[in-house]
Amino acid sequence: MTTGPAATECATATTREPEQHRAQRWRRGRMAGPAILLGAVLITVATTFTACVFDANFGQGGSPFTPKDPPAFDTALPIPPLAESEVVDGVRVFSLTAGEGEMRFVDGMTTPTWGFDGDYLGPTLRAHRGEQVAVEVENELPETTTVHWHGMHLPAAMDGGPHQPIEPGGRWRPEWRIDQPAATLWYHPHPHGQTEEHVLRGLSGMFILEDESSDDVGLPAQYGVDDIPLIVQDKRFRSNGEFDFDAQGNEVGLLGNVILTNGAWGSVFNVTTELVRLRILNGSSARTYDFAFDDRRAFSLVATDGGLLGAPLATDHVRLSPGERAEIVVGVAPGTQTMLRSLPPDLGEVAAPFAYGGTDEFDVLLLRAAAELQPSAPLAERFAEIDRFVEADADTTRTFSVQDREINGRRMDIGRIDEVMQVDSTELWEVTNRDLFPHNWHVHDVQFQVLDIDGAEPPPELLGWKDTIYLEPRRQYRIMMRFEDYVDDEKPYMIHCHLLLHEDEGLMSQFVVSRGGPSRNTDPGDANGGHGH
């Protein structure tokens with residue numbers, strides 16, 4: 001059941017922002033003064049979340065729908081199919097086609113969508129460490145797009161960022177070797193300035209990696225039976241059936257009033273085993289979730305973005321910002337049910353947390369256990385050891401200041417290289433969110449470790465490998481990573497906020513991995529020194 005201060009509020013009527021204006025939103029995105037913050041708060045209050053059904057009288061206009069009642073949670077959870085592949089000359093080859101479609105997310109309403117190999121979302125790709133893989137991507141959309149392999153260690157030319165566009169009618173075939181631990185990764189578009197809309201339209205899917213360690217620690221592993229992908233997204237609709245892309249002045253981006261799980265609203269999963277493994281992806285563009293069960297039962301957090309933790313972590317909640325993943329294993333008793341919920345997330349010392357979803361609470365997925373359950377193997381007490389970095393390991397230290405839509409005082413310039421990293425080197429980055437509202441931090445190509453937060457040891461859920469991390473306001477996160485294998489002095493990787501409005505409006509920079517010496521990262525605000533290539 002939905003609760004919170006806006007449980008009975010309705011979305012206010014707006015008109016969709018013209019495309020030419022949407023591309024320039026960053027010009028008014030700098031929250032430099034209290035008046036702007038207050039305006040964002042007041043606008044957001046009118047659209048604060050409530051998970052409910054819509055009025056039957058949809059109308060023909062472009063105004064937002066009015067939420068009323070929560071869904072019944074009687075829709076069977078869709079399970080994205082495993083992508084077919086074939087091995088050709090030692091290469092496992094997948095294919096994906098991005099195209100247009102339509103969905104009935106809500107009774108009586110048809111929504112135009114985009115998807116991979118279907119109307120919405122995409123199939124789950126799965127490969128094993130050591131395999132050479134290729135993905136043949138075809139674009140049947142009316143717009144140029146890309147496909148980025150989020151969390152993957154691979155050559156920059158295969159990364160699928162803004163430098164690998166796929167024109168309408170075009171094809172792209174990246175190929176690389178899987179050489180990283182088992183993990184739940186994902187793929188999504190990354191076109192320069194348009195990532196938010198392409199993701200909101202439906203272009204996302206999971207890419208699951210396996211290895212010997214993941215096969216031998218007792219984890220549930222029957223895909224779709226006890227190993228379940230969960231792509232959680234919030235959406236808002238308009239009265240003509242289209243997705244609403246207007247953030248309505250909210251500084252973090254769009255906060256929707258309908259929660260989709262694998263593309264369905266109000267889903268139930270019928271559990272048939274004593275343990276079930278949920279691979280949870282925050283696939284939203286702006287919203288941060290705090291996942292827990294309605295009875296606050298404990299579960300085991302077994303993996304984060306880049307793979308398994310050193311051991312199962314007993315907890316009763318996990319916070320995920322956009323782009324982050326968590327694998328959890330939860331036990332159920334025969335004939336019982338429990339609701340996976342999102343509790344009001346702790347966003348840190350933000351100004352007016354209710355403006356950014358910090359007071360929102362809602363149901364996500366109902367787990368309903370059968371009267372008789374198949375036995376599950378117990379989890380191993382220890383997983384693969386994680387060799388922790390120490391500060392003395394760092395060959396280079398860099399400082400990053402995140403503020404407004406800038407990193408170190410600069411907005412994204414697709415023609416500018418901001419950092420040069422040296423291959424076979426370990427780096428320590430000091431990343432600070434200087435705003436009073438949320439950001440997060442995503443690095444392409446590498447997985448990193450959190451060394452400390454404001455000088456204190458990170459909580460246990462942040463002791464594994466990460467590629468995306470929530471940045472609480474006015475806090476410093478020191479992270480460490482190693483650059484290996486791939487050198488390209490021309491094709492860059494990205495560093496950016498994964499709140500997609502922020503990314504599109506300029507909170508992104510570019511780096512290359514080189515055999516030469518690293519660039520000298522300068523103090524924040526010095527936009528003239530230590531950058532360029």
Side-chain angles (χ1 to χ4, degrees), residues 1-9 44 47-53 67 69-73 75 77 105 184 186 199-200 204 228-236 250 252-269 276 278-299 301 304-305 315-330 337-348 350 353-367 438 440 459 461 468-470 472 498-500:
M1 177 177 180
T2 300
T3 62
T8 59
E9 294 297 324
T44 307
T47 58
T48 302
F49 176 84
T50 173
C52 24
V53 298
D69 300 315
F73 285 90
T75 299
L77 175 71
F105 297 111
T184 299
W186 66 303
V199 172
L200 286 172
S204 296
I228 311 301
L230 292 183
I231 302 175
V232 181
Q233 305 163 302
D234 61 332
K235 302 291 182 182
R236 199 165 59 227
N250 195 312
V252 298
L254 184 143
L255 296 178
N257 51 24
V258 168
I259 298 297
L260 301 182
T261 307
N262 294 350
W265 187 33
S267 294
V268 57
F269 179 70
V276 61
L278 303 178
R279 301 177 183 258
I280 306 174
L281 159 65
N282 181 348
S284 293
S285 63
R287 184 178 291 283
T288 293
Y289 301 92
D290 190 10
F291 292 104
F293 290 96
D294 57 355
D295 55 8
R296 297 307 298 261
R297 69 180 60 192
F299 55 82
L301 176 66
T304 51
D305 300 342
T315 184
D316 65 359
H317 73 108
V318 58
R319 182 183 69 182
L320 297 180
S321 64
E324 290 186 282
R325 289 88 66 208
E327 296 182 34
I328 70 172
V329 175
V330 60
Q337 63 182 35
T338 185
M339 181 71 76
L340 179 66
R341 312 199 70 219
S342 180
L343 306 177
D346 180 1
L347 301 179
V350 301
F354 64 89
Y356 311 119
T359 58
D360 294 342
E361 182 174 2
F362 45 85
D363 296 334
V364 175
L365 172 71
L366 181 63
L367 297 182
N440 76 6
E461 65 269 20
T468 310
I469 189 171
Y470 180 76
E472 294 187 7
H498 219 283
L499 277 64
L500 298 183

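If you're wondering where the values come from, they're calculated on a predicted model, not measured in any experiment.
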Is there side-chain contact between [X] and [Y], with heavy atoms separated by less than 4.5 Å?
X	Y	value
Val329	Phe299	no
Ser342	Asp360	no
Pro229	Leu281	no

For Leu365 and Asn262, run side chain to side chain contact (heavy atoms under 4.5 Å, CB included): C-alpha distance rounded to whole Å, both residues' side-chain angles, the deciding distance at 0.1 Å, then the answer.
-> CA-CA 10 Å; Leu365 172 71; Asn262 294 350; over 6 Å; no

Closer than 3.5 angstrom, by distance alone: can the side chain of [X] be matched with the main-chain N or O of [Y] as a donor-acceptor pair?
X	Y	answer
Asp294	Arg341	no
Asn440	Pro322	yes
Asn282	Thr288	no
Ser285	Leu500	no
Asp316	Ala292	no
Arg236	Leu255	yes

Distance only, no hydrogens: is a donor on one side chain within 3.5 Å (strictly under) of an acceptor on the other, for Asp234 and Ser284?
-> yes

To the nearest 0.5 angstrom, please state how far the CZ atom of Phe269 sits from the OG1 atom of Thr75.
-> 15.0 Å

Residues that [X] engages under side chain to side chain donor-acceptor pair (under 3.5 Å), provided they are two or more places apart:
X	value
Asp305	Lys466
Asp346	none
Asp290	His317
Glu327	Thr184, Arg277, Arg279

Applying ring pair (Phe, Tyr, Trp, His ring centres under 6.0 Å) to Tyr470 and not counting sequence neighbours gives none

Those residues that, when tested against Phe105, pass ring pair (Phe, Tyr, Trp, His ring centres under 6.0 Å) (two or more places apart) = Tyr120, Phe237, Phe243

Minimal non-hydrogen separation, [X] against [Y], with atom names:
X	Y	value
Leu301	Glu461	CD2-CB, 3.7 Å
Asn250	Ala355	ND2-O, 2.7 Å
Glu324	Arg319	OE1-O, 4.2 Å
Glu472	Leu347	CG-O, 4.0 Å
Gly323	Trp186	O-NE1, 3.5 Å
Leu77	Leu230	CD2-CD2, 3.7 Å

Could you give me the CA-CA distance, side-chain angles and deciding distance for Leu367 and Phe293, then say whether side chain to side chain contact (heavy atoms under 4.5 Å, CB included) is met?
-> CA-CA 10 Å; Leu367 297 182; Phe293 290 96; 3.7 Å; yes

For the pair Trp265 and Lys235, evaluate side chain to side chain contact (heavy atoms under 4.5 Å, CB included) and give the outcome as yes or no after the intermediate values.
-> CA-CA 10 Å; Trp265 187 33; Lys235 302 291 182 182; over 6 Å; no

Start with the C-alpha distance between Ile259 and Tyr289, add both sets of side-chain angles, then the distance that settles side chain to side chain contact (heavy atoms under 4.5 Å, CB included), and finish with yes or no.
-> CA-CA 11 Å; Ile259 298 297; Tyr289 301 92; 3.9 Å; yes

